[in-house]
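One structure is given here, and the rest of the page talks about it.
Just so we're clear, the structure is a prediction, and the values are computed from it rather than from any experiment. The basis for the numbers below is simple: all heavy atoms, side chains too, and nothing from hydrogens, waters or symmetry mates.
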Amino acid sequence: LNDSQLENAMAQAKSDSVDNRCAAAYALAFSSNKRSAEMLKSLAIDDVPKVAQIAGFAMVLRDVLNLPRNERLTRLCFELGKGKGSYFRIFLVNWLGREYGKDVFPLFLHALKVEQDKAVRFELFFHLVYSSQEDLKPKIKLALSNQSYYQLDESTAYALGCLTPGRSKSAKQNNTLILLRFLQD
């Protein structure tokens, strides 16, 4: 972040708006400034679990961004296994899916076997469904067809839509039926 962006993120981190604090926490992951690290620590103990979990994810991301790609992947996969709440895992799955693509699909397939949270499961499915690996699609289609209907809440769908190129920001477009339709095309 440049100085202006950092100041804006710091101001939003103190906002009454939960969504603004979440966005600020995510943004602060991309600053090496000592003040941003302190603000992330403060946000990680926010009374609102969503804010605290996204700040926790941002702290981990900030810690690994300077690592070599393979070391970063290893650490982030470890963090996914530790589990620190739904939003932490949703944003971690999104980052892994966008940054590593097919390299994390075996991890995602394994995670689907144990993950109970519907929103995290949806994010795992999202990245698997929109992959270009045709050989995975029959397995994914079978797993999705056994999944109950689910859609992301509006603010999560919007945030992930902003972070993921080509993805809708609408909750109505981030649901299991849309994923199944995509697989059938």
Worksheet item: Can you name the side chain to side chain contact (heavy atoms under 4.5 Å, CB included) partners of Tyr149, sequence neighbours left out?
Response: Gln151, Asn175, Thr176, Leu177

Discussion item. Over 60° means perpendicular and under 30° means parallel, so tell me whether Phe88 and Phe57 are parallel, tilted or perpendicular.
Written reply: perpendicular

Discussion item. My understanding is that only residues two or more places apart in sequence, or in another chain, count here; which of them pass side chain to side chain contact (heavy atoms under 4.5 Å, CB included) with Asp117?
Written reply: Ser86, Arg89, Glu115, Ala119, Val120

Discussion item. Around atom CG of Asn2, are there more than 12 heavy atoms from other residues, nucleotides or ligands closer than 6.0 Å?
Written reply: yes

Item to complete: Could you tell me which non-hydrogen atom of Leu124 sits nearest to which non-hydrogen atom of Ala111, and how far apart they are?
Response: CD1-CB, 3.8 Å

Worksheet item: Using 4.0 Å as the upper bound for N to carboxylate O, is an ion pair formed by Arg75 and Glu79?
Response: yes

Worksheet item: Mind checking what makes side chain to side chain donor-acceptor pair (under 3.5 Å) contact with Ser155, not counting sequence neighbours?
Response: Lys50, Asp153

Worksheet item: With sequence neighbours excluded, what pairs up with Arg98 under the side chain to side chain donor-acceptor pair (under 3.5 Å) test?
Response: Tyr26, Asn94

Discussion item. Taking Val93 as the starting point, is it possible to reach Tyr158 by hopping between hydrophobic residues whose side chains are less than 4.5 Å apart?
Written reply: no

Worksheet item: Applying salt bridge (charged side-chain N to carboxylate O under 4.0 Å, His left out), which residue pairs with at least one partner in residues 161-174 are found, sequence neighbours left out?
Response: Glu123-Arg167

Discussion item. When you compare the side chain of Leu163 with that of Trp95, does any pair of heavy atoms fall below 4.5 Å?
Written reply: no

Item to complete: Output every pair passing salt bridge (charged side-chain N to carboxylate O under 4.0 Å, His left out) with a member in residues 20-38, not counting sequence neighbours, ordered by first then second residue.
Response: Glu7-Arg35, Arg21-Asp46

Discussion item. Ring centres under 6.0 Å, that's the criterion: do Phe91 and Tyr87 meet it?
Written reply: no

Worksheet item: Would you say the side-chain atoms of Ser31 pair up with the backbone N or O of Leu28, donor to acceptor, closer than 3.5 Å?
Response: no

